[in-house]
Amino acid sequence: MTKEKKNKPSKDLPLGFVDRQEKELLVRDFIISNIKEVMIKYGFQYLETPSFEYSDSIGKFLPDKERPDEGVFSFKDENKWLSLRYDLTAPLARYVAKNYLEIPKPFKRYQLGTVWRNEKPGPGRFREFLQFDADYVGTKSLQADAELCVMISEILEKCGLMKSEYTIKISSRKITEELFKKLNISDSQQKLTALRALDKIDRLGWDGVKELLGKGRKDKSGDFTKGANLKLEDIKTIEETLKKNSPETEDLVEILKTFKDYNFNNFEFDPTIIRGLEYYTGAIFEVNLKFDVTNNKGQVIQFGSIGGGGRYDNLVNNFGNYDAPATGISIGLDRLVYALMQKKEFKVKQSKPVVICVFDKNLMKDYINVQTILRKAGVSTEIYPGESKLKKQMEYADKIKSPAVILYGENEMKSGKLILRNLSSGEEKLIEIREIVNEIKKIIRSNN
RNA sequence: GCAGCAGUAGCUCAGUUGGUUAGAGCACUAGUUUGUGGAACUAGGGGUCGGUGGUUCGAAUCCACCCUGCUGUACCA
């Protein structure tokens, strides 16, 4: 507690950035290890690309020349604009274009990496987050699209989700494309607004979406959103068509057939999912959780999807002359962690260290000896860091949730024994040094 | 960006007809126990009441602007 407040650096974090603590990180590690296992089984190779790319590589629309910070974090290095990547797909397309001649076709890669978005964060959404991507590049085969969904489902179930707790929604860009053509809606602004409106159906329902397809809608806070201004009869046709719920486009028919071959049925055809607006060209998927997610005040929040993807046949071609149709899926790991931690009690398997209390610095050699025996046996152990009264040392051990402390002072040394105190039961035992490993393992076992 | 709500100790919050040195619980520190954690008791530290300006003899309290947070909405390549 210092009194000098002037010129102290801020303890606050920039908007949308957070510290992540062990409890969360261990769950994340658990998910990552499941991902890697599944990726190996499915034959994807591991890739890492840098955090920064040249700004014009990470998206063909951004950064805007006038406002290079819109949506992405950018800075000017010498004469070139660099940006932190906002996803892993654009860097993949760049990588494929750069290494096209060497890589296998099709190229199957997965990647785990932090991405950054310069946007307003929402519940469970940050400006820096970890993403997992798996992509197939260089194949038109729709089996790839289908397999990605099967694979994501396997990962989620390995992480402990039940079939009833998530679903993979699937649709195709071709549906809305054909619909707009049929209705003679060609104004690109109108199409864009209409697509965005349809994307919101899970939140607003058809009534809200119809308002947005028409004149516009006022939200709960009283804010007004302009609509697409479509004709009433067109809105009716759109609703009727999309409510039909039978996938008729060729690509979907084939993907659904493949799902059947895989015996995969935890998906829903949903023609109202839209995803990103520009680069998807065919099938699109979205991974949704089916249970409520709450914030730290216990309020249910609009959590949205935890991932999605789809087919993007033209992206690689943007970088050069290679035509590489592709399809991919990505998961926002931090959001999955957030949701999973609410759903499941995670036993944090990481065992906390046994604490060897220090009675006398001059006995350090003996303490190190015991510590070495335990560490060699694989038991997490530490000598109390510092010099404090025994009470402090016990409080420390309690605070870090240590399973046991070792009390080894002059009295014990005389008899060649030491005291092992079980911190959850409070029980103390006077034991020989050679018994220490077994006794501690017993305690740790009984705690699990 | 737009809208609504909110900002008092590390955390959760109390504190209006504006009035002496601004409160509680939890947490923290020390002690009761100089070789023993979790409970109890005692004592203590910690706040320019989000910031700036204004009204007033006097502002945590009223007004204006700004900042920050939450929620919704927009955007999310």
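Within every chain, numbering begins at 1; the chains are lettered A, B, ... in the order of the sequence lines, protein sequences first and strands thereafter. Values reported hereafter were calculated over all heavy atoms of this structure, with side chains retained and with hydrogens, waters and symmetry mates removed. All figures in this text were calculated on a predicted structure; none of them were measured in a lab.
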> Where the side chain of A:R196 is defined as all heavy atoms beyond and including C-beta, which of B:G69, B:C76, B:U73 is the nearest nucleotide?
Replying inline: B:C76
>> Taking B:U12 as the reference, what is the distance to B:G69 when you measure between their P atoms (whole Å, please)?
In response: 15 Å
>> Between B:G53 and B:U16, how far apart are the two P atoms, rounded to whole Å?
In response: 26 Å
> Separation of A:I274 atom CD1 from B:C75 atom P, in whole Å?
Replying inline: 12 Å
> Are a donor atom and an acceptor atom from the side chains of A:Y396 and A:E382 found within less than 3.5 Å of each other?
Replying inline: yes
>> For B:A77, is there a stacking contact with A:Y279, counting only centres under 5.5 Å and planes under 30°?
In response: no
> What distance, rounded to whole Å, do you find between the two C1' atoms, one in B:C2 and one in B:C11?
Replying inline: 32 Å
>> Holding to salt bridge (Lys or Arg N to Asp or Glu O under 4.0 Å), I want the full list of residues that pass it with A:R117, two or more places apart in sequence or in another chain.
In response: none
>> For A:K108, give me all partners under salt bridge (Lys or Arg N to Asp or Glu O under 4.0 Å), at least two apart in sequence or on another chain.
In response: none
> Does the side chain of A:R85 get closer than 4.0 angstrom to OP1 or OP2 of B:A77 through an N or O atom?
Replying inline: no
> Considering only the P atoms, how many Å lie between B:C65 and B:G25, rounded to the nearest integer?
Replying inline: 39 Å
> Would the A:F44 and A:Y136 ring centres measure less than 6.0 Å apart?
Replying inline: yes
> Quick one: A:L195 CG to B:C76 C1', roughly how many Å, whole number?
Replying inline: 15 Å
> How many Å lie between CZ on A:R117 and C1' on B:A77, as a whole number?
Replying inline: 8 Å
> For the pair made of CH2 in A:W116 and C1' in B:C76, what is the distance, rounded to whole Å?
Replying inline: 17 Å
> OP1 or OP2 of B:C76 less than 4.0 angstrom from a side-chain nitrogen or oxygen of A:R275, does that happen here?
Replying inline: no
> Atom CD of A:E119 to atom P of B:A77: distance rounded to whole Å?
Replying inline: 8 Å
> When the P atoms of B:G15 and B:U56 are considered, how many whole Å apart are they?
Replying inline: 29 Å
Would you be so kind as to tabulate the donor-acceptor pairs closer than 3.5 Å made by side chains of residues 416-424 of chain A, with sequence neighbours excluded?
from   : atom 1 : to     : atom 2 : distance (Å)
A:R421 : NH1    : A:E428 : OE2    : 2.9
A:N422 : OD1    : A:S424 : N      : 2.9
A:N422 : OD1    : A:S424 : OG     : 3.0
A:N422 : OD1    : A:S425 : N      : 3.2
A:N422 : ND2    : A:S425 : OG     : 3.4
A:S424 : OG     : A:N447 : OD1    : 3.2

> B:C26 and B:G38: how far apart are their C1' atoms, nearest whole angstrom?
Replying inline: 16 Å
> Which of these, A:L204, A:T193, A:I201, sits in a side chain to side chain contact (heavy atoms under 4.5 Å, CB included) with A:L212?
Replying inline: A:L204
>> Tell me the interatomic distance from A:D87, atom CG, to B:A77, atom C1', rounded to whole angstroms.
In response: 8 Å
> When you measure from the centre of the six-membered ring of A:Y367, is the NZ or CZ of A:K361 under 6.0 Å away and within 45° of the axis?
Replying inline: no
> Does the side chain of A:R125 get closer than 4.0 angstrom to OP1 or OP2 of B:G72 through an N or O atom?
Replying inline: no
> Roughly, in whole Å, what's the span from CG in A:L15 to P in B:G1?
Replying inline: 10 Å
> Distance check: side-chain N/O of A:K200 vs OP1/OP2 of B:A74, anything under 4.0 Å?
Replying inline: yes
> Given the C1' atoms of B:G51 and B:U68, what is the spacing between them in whole Å?
Replying inline: 10 Å
>> Output the rounded distance in Å from CG (A:L192) to P (B:A77).
In response: 11 Å
>> Name the residue from A:R94, A:K80, A:R85 that meets the salt bridge (Lys or Arg N to Asp or Glu O under 4.0 Å) definition with A:E53.
In response: A:R94
> Of A:D199 and A:P14, whose closest RNA chain B nucleotide lies nearer the 5' terminus?
Replying inline: A:P14
> If the P atom of B:A6 is compared with that of B:A64, how far apart are they to the nearest Å?
Replying inline: 14 Å
> Where along nucleotides 30-43 of chain B does protein come under 4.0 Å, by heavy atom, of base (B) or sugar-phosphate alone (S), with - for untouched nucleotides?
Replying inline: SS---BBBB-----
> Reckon A:R127 touches a base, only the sugar-phosphate, or nothing at all at heavy-atom distances under 4.0 Å?
Replying inline: nothing
> Where does RNA chain B pair, written as one dot-bracket string 5' to 3', with Watson-Crick or G-U pairs under 3.5 Å, ( ) inside the strand, [ ] for crossing pairs and | for another strand?
Replying inline: (((((((..((((.....[...)))).(((((.......))))).....(((((..]....))))))))))))....
> Under the criterion salt bridge (Lys or Arg N to Asp or Glu O under 4.0 Å), which of A:D145, A:D251, A:D135 is the partner of A:R311?
Replying inline: A:D145
> Who are the salt bridge (Lys or Arg N to Asp or Glu O under 4.0 Å) partners of A:K290, not counting sequence neighbours?
Replying inline: A:E268
>> Taking the six-membered ring of A:F73 as reference, does the cationic atom of A:R127 (NZ for Lys, CZ for Arg) lie under 6.0 Å from its centre and within 45° of its axis?
In response: no
